[in-house]
**Q** 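Before I ask anything, let me first share the structure, which is written out below as structure tokens.
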Amino acid sequence: MGDSYLKLVNTGLTQDLAKRLGLPRPAILRRHDPGAPLVPGPVVLLGAGEAAHHLAETMLGWGLDVRRHGAGSERIGAIVLALDSVQTPAELSVAALEAGQSLRHLLPGGRVVGVSRPASESVDPEQSAARQGIDGMLRSLGRELRGGATANGIVLARGTGADAPSAVAALRFLLSGRSAYVDGQFVRVSTGDGALPASWDAPLAGKVAVVTGAARGIGASIARTLRRDGATVVVVDVPAAGEALARVANELGGTALQLDITRPDAGTVILEHATTRHGSLDIVVHNAGITRDKLLANMDAARWDSVMAVNLESQLRMNRILLDAGLRGLRIVSLASTSGIAGNRGQTNYAASKAGVIGMVRATAPLVAAADGGINAVAPGFIETDMTARIPAATRAVARMLMPSLMQGGLPVDVAEAVAFLAADGAGGINGETLRVCGQSLVGA
Ligand code: NAD
């Protein structure tokens, strides 16, 4: 959705006109704005138990105005629900209805964050039902919110408390403007690993990050965001995109590496460049990707093979080379797609490659963890870039309207923020996961 349309239907006289005409009026999303408060108003923390205690301490430590009950008629910036001790469906009802009372006071750009335990860890039918019920409640709640507000969850594995570094980092990400287009999602924290940054403004200070496919679109935005967060960046793209790539590298004070990532030695070339030019390699973002859409009945080998080669096989090969090199603490983030989760007509090749990324990340996680690192994926939904500009205009318009509460496509920076969150040491307890950045869309790209 063009920024100009969002402004038109959200400001001044044209806002009234749009209202009267019944035009869809998607909100301008609350995105990261340096210097702006973490949340736009007081935070209502509901629920009891150990997680509630840790969450209160964490948020008070950030200087937030934390209330333990609904704040009367006052507008609020966020509702945090400590649901980790919910044992029965009846207990979930109590928590849900209490949250409901505060919802009407949520400010535009507000946040709802639930903290719970995985249903899959429970062998008690009542407890498992209640825990799984939290997923359905939060996802539906996300679809009911307006004004660019979102609802997400943090799921803490057994033995992991709400004070674990990755629980804290996830809470901050989900409350902040950095998670603007993450809606109806669950961040799974599996261990107490990870370290919080000395400064939340520069969580990647001292890190060297490589971003593939960074000459334009989402990749360029990822490079900018990692730089903003303090990293030194190496941007990689095909030689044909060399000029645009050099511009991105110059803008960010990083270096450009012209490289086709399907080359068998791409991993070695990247490692050598990063270590000789910048002294280390700490973060790799596998972002380069292509589409070659065709119905499977009309698919030829060239289309199928090129998509698999760029989107999946290159990553598998590079990961193997990087792991074999014995790098410690390496954090890898790979770009999947909601097409790889929900499927998309005309994209059997693309969806196979992106679902493949999700499988790759899950199985590679223990191998990277053995060297104190981590690997996760980000699955964008409909993001406004050159890639999606090739989708027919009518399909694009429908796709935007299928985001039930946000009613707009995301921006490259929305994906970049999720990548930056997962690339930081704060996400050390999150491994093998796929985080959707899709505004709860029903259509992938
Ligand atoms: P884009 O086409 O705008 O940019 C992709 C970049 O990758 C280009 O600069 C291209 O030159 C580069 N690239 C392609 N093949 C390469 C190779 N062999 N070696 C090195 N670089 C190569 O795409 P985008 O929309 O910015 O998408 C970025 C990533 O996000 C892709 O993996 C894509 O599949 C994924 N994604 C995008 C969307 C979306 O809505 N735009 C949705 C889901 C997933």
Side-chain angles (χ1 to χ4, degrees), residues 1 181 210-225 234-249 256-267 269-270 273 284-293 305-315 317-318 333-344 347 349-358 360-361 377-391 395-396 399-400 402-403 408-416 418-419 434-439 441-445:
M1 171 109 12
Y181 203 61
V210 170
V211 184
T212 68
R216 67 178 198 192
I218 293 172
S221 187
I222 292 170
R224 285 190 187 100
T225 306
V234 175
V235 289
V236 177
D237 213 301
V238 288
E243 247 176 69
L245 188 69
R247 274 197 300 277
V248 177
L257 174 59
Q258 292 186 12
L259 174 71
D260 183 334
I261 53 156
T262 60
R263 261 175 57 173
D265 62 346
V269 174
I270 285 174
H273 178 101
V284 173
V285 182
H286 292 307
N287 163 80
I290 58 171
T291 50
R292 296 286 182 270
D293 295 359
D305 292 346
S306 57
V307 167
M308 292 300 265
V310 176
N311 295 5
L312 184 58
E313 286 162 340
S314 67
Q315 297 189 18
R317 204 164 36 237
M318 284 189 277
V333 186
S334 185
L335 269 285
S337 166
T338 51
S339 291
I341 299 170
N344 208 14
Q347 291 200 316
N349 52 352
Y350 183 73
S353 73
K354 294 300 187 178
V357 163
I358 295 171
M360 171 193 80
V361 157
V378 170
F382 182 82
I383 307 296
E384 310 272 359
T385 66
D386 293 345
M387 187 182 264
T388 46
R390 286 199 296 273
I391 299 173
T395 313
R396 259 184 290 149
R400 290 177 190 130
L402 282 176
M403 327 287 170
Q408 56 195 293
L411 297 181
V413 69
D414 298 326
V415 180
V419 170
T434 296
L435 176 60
R436 288 173 63 155
V437 181
C438 67
S441 69
L442 307 175
V443 176

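Order of listing sets the numbers, starting from 1, for every ligand and every atom in it.
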**Q** Which distance, rounded to the nearest 0.5 Å, do you find between the CG of Asn349 and the NZ of Lys354?
**A**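 Rounded to the nearest 0.5 Å, the CG-NZ separation comes out at 11.5 Å.
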**Q** Show which atoms of ligand 1 fall inside a sub-4.0 Å distance from at least one heavy-atom site of Asp260.
**A**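 What qualifies from ligand 1 is 17 (C), 18 (N), 19 (N).
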**Q** What are the atoms of ligand 1, with element, lying closer than 4.0 Å to any heavy atom of Ala288?
**A**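 In order of number, 7 (O), 13 (N), 21 (N), 22 (C), 32 (O).
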**Q** Between CD1 of Ile261 and CD1 of Ile270, what distance do you get to the nearest 0.5 Å?
**A**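 Answer for the CD1-CD1 pair, Ile261 versus Ile270, is 7.5 Å.
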**Q** For Asn287, is at least one N or O under 3.5 Å away from an N or O on ligand 1?
**A**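 The answer is yes, given that Asn287 and ligand 1 share an N or O pair closer than 3.5 Å.
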**Q** Is the closest side-chain heavy-atom distance between Val333 and Val378 below 4.5 Å?
**A**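 Touching, per the 4.5 Å side-chain cut-off.
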**Q** Which one holds for Ala336 and ligand 1: side chain close, backbone close, both close, or neither close, with close meaning a heavy atom under 4.0 Å?
**A**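 Backbone only.
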**Q** Can you tell me which portion of Leu259 lies within the under-4.0 Å heavy-atom range of ligand 1? Options are side chain, backbone, both, or neither.
**A**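 Within the 4.0 Å criterion, Leu259 contacts ligand 1 through backbone atoms alone.
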**Q** Mind checking the CZ-OG spacing from Arg263 to Ser314? Nearest 0.5 Å is all I need.
**A**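 The OG atom of Ser314 is 13.0 Å from CZ of Arg263, to the nearest 0.5 Å.
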**Q** Report yes if some N/O of Ala214 lies less than 3.5 Å from some N/O of ligand 1; otherwise report no.
**A**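 By distance alone, the answer is no.
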**Q** Can you list the atoms of ligand 1 that are under 4.0 Å from a heavy atom of Gly289?
**A**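 Ligand 1 atoms under the 4.0 Å threshold to Gly289: 5 (C), 7 (O), 31 (C), 32 (O).
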**Q** Can you list everything that forms a side-chain hydrogen bond (donor to acceptor under 3.5 Å, both in side chains) with Arg216? Sequence neighbours excluded, please.
**A**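 Residues passing side-chain hydrogen bond (donor to acceptor under 3.5 Å, both in side chains) with Arg216: none at all.
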**Q** So, is Phe382 polar-close to ligand 1, with some N/O to N/O distance under 3.5 Å?
**A**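 In this structure, Phe382 places no N or O atom under 3.5 Å from an N or O of ligand 1.
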**Q** Taking the minimum heavy-atom distance to atom 9 (O) of ligand 1, which of Leu335, Asp237, Ile290 ranks first?
**A**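 It is Asp237 that holds the nearest heavy atom.
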**Q** What are the two closest non-hydrogen atoms of Ala266 and Leu259, and how far apart are they?
**A**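 So the two residues come closest at O-CD2, 3.9 Å.
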**Q** Please work out whether any backbone atom (N, CA, C, O) or any side-chain heavy atom from C-beta onward of Val310 is under 4.0 Å from ligand 1, and answer side chain, backbone, both or neither.
**A**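 Side chain only.
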**Q** Measure across Asp260 and Val238 and return the closest heavy-atom pair with its distance rounded to 0.1 Å.
**A**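 Taking every non-hydrogen atom into account, CA-CG1, 4.3 Å.
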**Q** Just which atoms of ligand 1 are under 4.0 Å from any heavy atom in Tyr350?
**A**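 That gives atoms 33 (C), 34 (O), 35 (C), 36 (N), 43 (C), 44 (C) of ligand 1.
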**Q** Using a heavy-atom cut-off of under 4.0 Å, does the side chain or the backbone of Lys354 touch ligand 1, or both, or neither?
**A**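 Side chain only.
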**Q** Can you measure from CG (Leu411) to OG (Ser221) and round to the nearest 0.5 angstrom?
**A**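 OG of Ser221 is found 8.5 Å from CG of Leu411.
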**Q** State which residues pass salt bridge (Lys or Arg N to Asp or Glu O under 4.0 Å) with Arg317; sequence neighbours excluded, sorted by chain then number.
**A**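 Expected list: none.
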**Q** How long is the straight-line distance from CG of Asp305 back to CZ of Arg292, given to the nearest 0.5 Å?
**A**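 Interatomic distance, Arg292 CZ to Asp305 CG, rounded to 0.5 Å: 12.0 Å.
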**Q** By number and element, which atoms of ligand 1 are closer than 4.0 Å to a non-hydrogen atom of Gly217?
**A**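 Counting from 1, the qualifying ligand atoms are 26 (O).
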**Q** Is the shortest distance from a heavy atom of Gly381 to ligand 1 less than 4.0 Å?
**A**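 In this structure, Gly381 qualifies as a contact of ligand 1 - some heavy atom is under 4.0 Å.
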**Q** Heavy atoms only, cut-off 4.0 Å: how does Thr385 contact ligand 1, side chain, backbone, both, or neither?
**A**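 The part of Thr385 near ligand 1 is the side chain, not the backbone.
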